[in-house]
Amino acid sequence: MLFHDRVAVVSREETGWDDYGQPIFKNTEISIPAHVDASTTVPGDESNADQVISRYRVILKFPKGFDVDGTREVIWQGKTLRVDGGIQPQTLRGRIHHHEFVTEKVTG
């Protein structure tokens with residue numbers, strides 16, 4: 001599989017607790033090869049008629065040891081795309097080959 005694009009993966013990891021018992025998070029950003037496909041674009045509902053909701057399918061290979069579950073968004077061609085749903089590992093011969101997930105961008 002060829003990865004023609006590059007995305008910056010933004011993940012969030014818990015680094016400790018504050019004085020009120022709330023978790024403290026730190027955002028980490030790494031740039032990795034990926035493949036991004038436009039999936040669907042739909043207008044918002046009647047109350048948000050000026051909105052456009054665009055979905056993209058992202059396929060990439062996370063580096064070894066990377067916390068996949070902490071991934072919240074990717075930045076692709078200057079667009080911040082929010083992860084929508086779960087990140088699915090795709091296996092080949094019993095090993096994880098790559099991951100796929102759907103992202104969403106709301107404009108307007």
Side-chain angles (χ1 to χ4, degrees):
M1 175 173 296
L2 299 175
F3 298 111
H4 301 285
D5 301 309
R6 274 199 97 67
V7 296
V9 176
V10 180
S11 67
R12 217 168 83 148
E13 65 180 77
E14 191 175 299
T15 59
W17 300 87
D18 66 11
D19 295 338
Y20 301 102
Q22 299 297 318
I24 299 171
F25 293 100
K26 176 182 127 185
N27 284 343
T28 306
E29 187 176 311
I30 63 167
S31 179
I32 57 176
H35 179 80
V36 181
D37 277 331
S39 180
T40 60
T41 301
V42 295
D45 58 14
E46 290 178 13
S47 62
N48 297 312
D50 61 336
Q51 282 187 343
V52 175
I53 302 166
S54 301
R55 292 181 176 272
Y56 300 87
R57 182 177 68 140
V58 179
I59 303 170
L60 49 76
K61 229 178 205 181
F62 285 107
K64 255 187 186 177
F66 188 80
D67 179 22
V68 175
D69 295 329
T71 302
R72 299 287 181 243
E73 60 191 25
V74 296
I75 301 169
W76 173 66
Q77 295 184 350
K79 299 177 187 134
T80 300
L81 309 173
R82 184 179 54 85
V83 175
D84 186 28
I87 298 175
Q88 302 298 317
Q90 303 297 315
T91 58
L92 180 65
R93 295 186 202 101
R95 295 183 184 189
I96 294 176
H97 182 261
H98 65 276
H99 290 80
E100 294 185 18
F101 54 94
V102 175
T103 61
E104 179 178 81
K105 172 142 181 78
V106 179
T107 55

Item to complete: Check whether any side-chain heavy atom of Thr15 lies under 4.5 Å from a side-chain heavy atom of Phe25, and answer yes or no.
Response: no

Worksheet item: Is the backbone of Val36 close enough, under 3.5 Å, to the side chain of Asp5 for a donor and an acceptor to pair up by distance?
Response: yes

Worksheet entry | Minimal non-hydrogen separation, Gly86 against Phe101, with atom names | O-CB, 3.8 Å

Worksheet item: Under the side-chain contact (heavy atoms from CB on, under 4.5 Å) criterion, do Val102 and Val58 qualify, and how do the steps go?
Response: CA-CA 6 Å; Val102 175; Val58 179; over 6 Å; no

Response to the item:
Of Asp84, Asp37, Thr41, the one forming a side chain to side chain donor-acceptor pair (under 3.5 Å) with Arg55 is Asp84

Worksheet item: Should Leu60 and Val68 be regarded as members of a common hydrophobic cluster, given that ILVMFWY residues are connected when their side-chain heavy atoms come within less than 4.5 Å of each other, either directly or indirectly?
Response: yes

Worksheet entry | Distance in Å, Asp67 CG paired with Glu14 CD, rounded so as to fall on 0.5 Å steps | 11.0 Å

Practice prompt. Assess whether side-chain contact (heavy atoms from CB on, under 4.5 Å) is satisfied between Ile75 and Glu29, documenting all intermediate values.
Written response: CA-CA 9 Å; Ile75 301 169; Glu29 187 176 311; 4.0 Å; yes

Worksheet item: Tell me, do Val74 and Tyr56 make a side-chain contact under 4.5 Å, heavy atoms counted?
Response: no

Discussion item. Once you measure the plane-to-plane angle for Phe62 and His99, does it fall in the parallel (<30°), tilted (30-60°) or perpendicular (>60°) bin?
Written reply: perpendicular

Worksheet item: At their closest point, which heavy atom of Lys61 faces which heavy atom of Ile32, and how far apart are they?
Response: O-CD1, 3.9 Å

Worksheet item: Which heavy atom in Pro33 sits nearest to a heavy atom in Phe3, and how many Å separate them?
Response: CB-CB, 3.7 Å

Fill in: Straight-line distance of Glu104 CD to Thr40 OG1, nearest 0.5 Å
8.5 Å

Discussion item. One pair to check against side-chain contact (heavy atoms from CB on, under 4.5 Å): Gln90 and Gln88. What are the steps and the verdict?
Written reply: CA-CA 6 Å; Gln90 303 297 315; Gln88 302 298 317; 3.7 Å; yes

Fill in: Flag for Arg6-Ser31: side-chain donor and acceptor within less than 3.5 Å
yes

Item to complete: Hey, could you give me the CG/NZ distance between Leu81 and Lys105, rounded to the nearest 0.5 Å?
Response: 7.0 Å

Item to complete: Could you tell me whether a side-chain N or O of Thr103 sits under 3.5 Å from a main-chain N or O of Val83, the two making a donor and an acceptor?
Response: no

Fill in: Close side-chain approach of Phe66 to Ile30, heavy-atom, < 4.5 Å
yes

Discussion item. Run Arg82 and Arg72 through side-chain contact (heavy atoms from CB on, under 4.5 Å) and show every step you take.
Written reply: CA-CA 6 Å; Arg82 184 179 54 85; Arg72 299 287 181 243; over 6 Å; no

Worksheet item: Do the non-hydrogen side-chain atoms of Thr28 and Val10 ever get within less than 4.5 Å of each other?
Response: no

